[in-house]
Amino acid sequence: MEISLYDISGQTLRVGIRRRDDALPPLLLFNGIGANIELLEPFIDALDGHETITFDVPGVSWGGALAQQFAFQHAKRCRRLVLAATSPGHLMVPAKPTVLLKMASPRRYKDCEYMKRVAGDVYGGVLRRSPELVHRHLLHVRWSSDMGYYLQLIAVLGWSSLPWLRCLPQPTLVMAGTDDPLVPVANGHILAHLIPKARLVTIDDGHLFLVTSAGRSAALISDFLTQDPAHS
């Protein structure tokens, strides 16, 4: 993946591009909270054909919410929408309080031993069943800023897509992990029910299935992106 810095209206943006088939529309990836672009490399490596573009979002990095907002505000620039392990915002089916307390601090990104202890509780799925895999799957995480992390948490508090989900025109693939402590699978059912052209697929994994089940996730997304519009 080629990583470069770009100046966008005075804001320096760190962008990663994996160049593939120029004939296919590129896939724009929005990172989750506290994550950097390298975290998605296993998924990007597993995705055939499509060029991918991802970036470290300055200040606000709650990927699923940002993807929904982008599809709503810039519908003409968004051909299809994939929502992975996300929710309609603060009006969601919440995680358990014990999980939310662990999310309230960025300690897991800075303390490897602590991450090993809590990864299963926070992310579920493969990392719950095999905590020894934490280091391999989170190898590329690079911590940047405590302040940025807390601003990301604050930013999502007042946001919800529920009032306009029915207005989204794009064919949408909603993906949810069956063992996701952060975003319970019920949120995927809500999104798929309210978005007119959406369908839901569940992955037998946790919150980070794009990384921990990269091959299966990439195959589902690739099929969706190349599917005949008449069958979306």
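When reading the values below, keep in mind they use all heavy atoms of this one structure, side chains included, and skip hydrogens, waters and symmetry mates.
Looking only at side-chain heavy atoms (C-beta outward), Val183 and Asp180 come within less than 4.5 Å of each other. In this structure the side chain of Trp164 reaches within 4.5 angstrom of the side chain of Gln68, judged on heavy atoms. By the 4.5 Å heavy-atom criterion applied to side chains, Phe224 and Pro171 are counted as neighbours. Looking only at side-chain heavy atoms (C-beta outward), His50 and Leu225 come within less than 4.5 Å of each other. For the pair Arg216 and Leu220, the minimum side-chain heavy-atom distance is below 4.5 Å. The shortest distance between side-chain heavy atoms of Met175 and Leu83 does not fall below 4.5 Å. With a 4.5 Å cut-off on side-chain heavy atoms, Thr172 and Lys197 do not count as touching. At least one side-chain heavy atom of Ile190 sits under 4.5 Å from a side-chain heavy atom of Val93.
Sequence neighbours left out, the pairs with a member in residues 92-107 that pass salt bridge (charged side-chain N to carboxylate O under 4.0 Å, His left out) are Arg107-Asp111.
Across all their heavy atoms, Pro184 and Pro94 have their closest contact at CG-O, 3.6 Å. Listed here is the closest heavy atom pair of Ala95 and Leu100: O-CD1, 3.7 Å. When all heavy atoms are compared, the tightest approach of Arg199 to Ala192 is C-CB, 4.4 Å. The two residues Arg128 and Pro181 make their nearest non-hydrogen contact at NH2-CG, 3.3 Å. The minimum heavy-atom distance between Ser217 and Leu210, with the atom names listed, is CB-CD2, 3.8 Å. Nearest heavy-atom pair, Leu200 versus Ala176, reported as atom, atom and distance to 0.1 Å: CD1-CB, 4.2 Å.
Between the side chain of Ser87 and the backbone N or O of Gly89, at least one donor-acceptor pair lies under 3.5 Å. Gln11 contributes no side-chain N or O that, together with a main-chain N or O of Asp7, makes up a donor-acceptor pair within less than 3.5 Å. Distance alone, capped at 3.5 Å, is enough to place a donor-acceptor pair between the Asp179 side chain and the Gly125 backbone. With Arg14 contributing its side chain and Ser4 its backbone, the two residues share no donor-acceptor pair below 3.5 Å.
Leu191 CG to Thr86 OG1: the interatomic distance, rounded to the nearest 0.5 Å, is 6.5 Å. For the atom pair NE2 of His207 and CG of Leu127, the computed distance is 11.0 Å after rounding to the nearest 0.5 Å. In this structure, Thr54 OG1 and Ile3 CD1 are separated by 9.5 Å, a value rounded to the nearest 0.5 Å. Once rounded to the nearest 0.5 Å, the distance linking CG of Leu168 with OG of Ser161 reads 7.5 Å. Here CZ of Arg77 is found 13.0 Å from CD of Gln170. Values are rounded to the nearest 0.5 Å. Atom CG of Leu133 is separated from atom CZ of Arg129 by 10.0 Å, given to the nearest 0.5 angstrom.
Two different hydrophobic clusters hold Leu24 and Ile53 under the rule that ILVMFWY side chains link at heavy-atom gaps under 4.5 Å. There is no path of hydrophobic side-chain contacts, each under 4.5 Å, that joins Val185 to Val122. Cluster membership check: Ile8 shares its hydrophobic cluster with Phe55, using side-chain heavy-atom separations under 4.5 Å among Ile, Leu, Val, Met, Phe, Trp and Tyr.
Salt-bridge formation is not detected for the pair Arg20/Asp48: no Lys NZ or Arg NE/NH1/NH2 atom is positioned less than 4.0 Å from an Asp or Glu carboxylate oxygen. Between Glu2 and Arg19 there is a salt bridge, since at least one side-chain N of the basic residue sits less than 4.0 Å from a carboxylate O of the acidic one.
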As a quick check of understanding, evaluate side-chain contact (heavy atoms from CB on, under 4.5 Å) for Glu132 and Lys116, giving each step before the final call. CA-CA 7 Å; Glu132 69 276 7; Lys116 289 178 184 178; over 6 Å; no
Check the pair Asp205 / Thr212 against side-chain hydrogen bond (donor to acceptor under 3.5 Å, both in side chains), numbers first and verdict last. CA-CA 8 Å; Asp205 204 338; Thr212 53; 2.7 Å; yes
Please determine whether side-chain contact (heavy atoms from CB on, under 4.5 Å) holds for the pair Glu51 and Leu27, giving the CA-CA distance in whole Å, both sets of side-chain angles, and the decisive distance to 0.1 Å. CA-CA 6 Å; Glu51 176 178 297; Leu27 176 63; over 6 Å; no
Ile221/Leu173 under side-chain contact (heavy atoms from CB on, under 4.5 Å): CA gap, chis, key distance, verdict: CA-CA 8 Å; Ile221 291 173; Leu173 177 65; 4.2 Å; yes
Between Trp159 and Gln69, does the side-chain hydrogen bond (donor to acceptor under 3.5 Å, both in side chains) criterion hold? Intermediate values first, please. CA-CA 10 Å; Trp159 180 89; Gln69 193 71 42; 2.7 Å; yes
Would you sort out whether Thr12 and Tyr6 count as a side-chain contact (heavy atoms from CB on, under 4.5 Å), showing the intermediate values? CA-CA 6 Å; Thr12 300; Tyr6 293 85; over 6 Å; no
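Under the 30°/60° scheme for interplanar angles, the aromatic rings of Phe70 and Phe30 are found to be tilted.
In terms of the side-chain contact (heavy atoms from CB on, under 4.5 Å) criterion, residue partners of Ser222 (sequence neighbours excluded) are, by chain and number, Leu47.
Summarising the local packing, NE2 of His193 is surrounded by 12 or fewer heavy atoms from other residues, nucleotides or ligands at distances under 6.0 Å.
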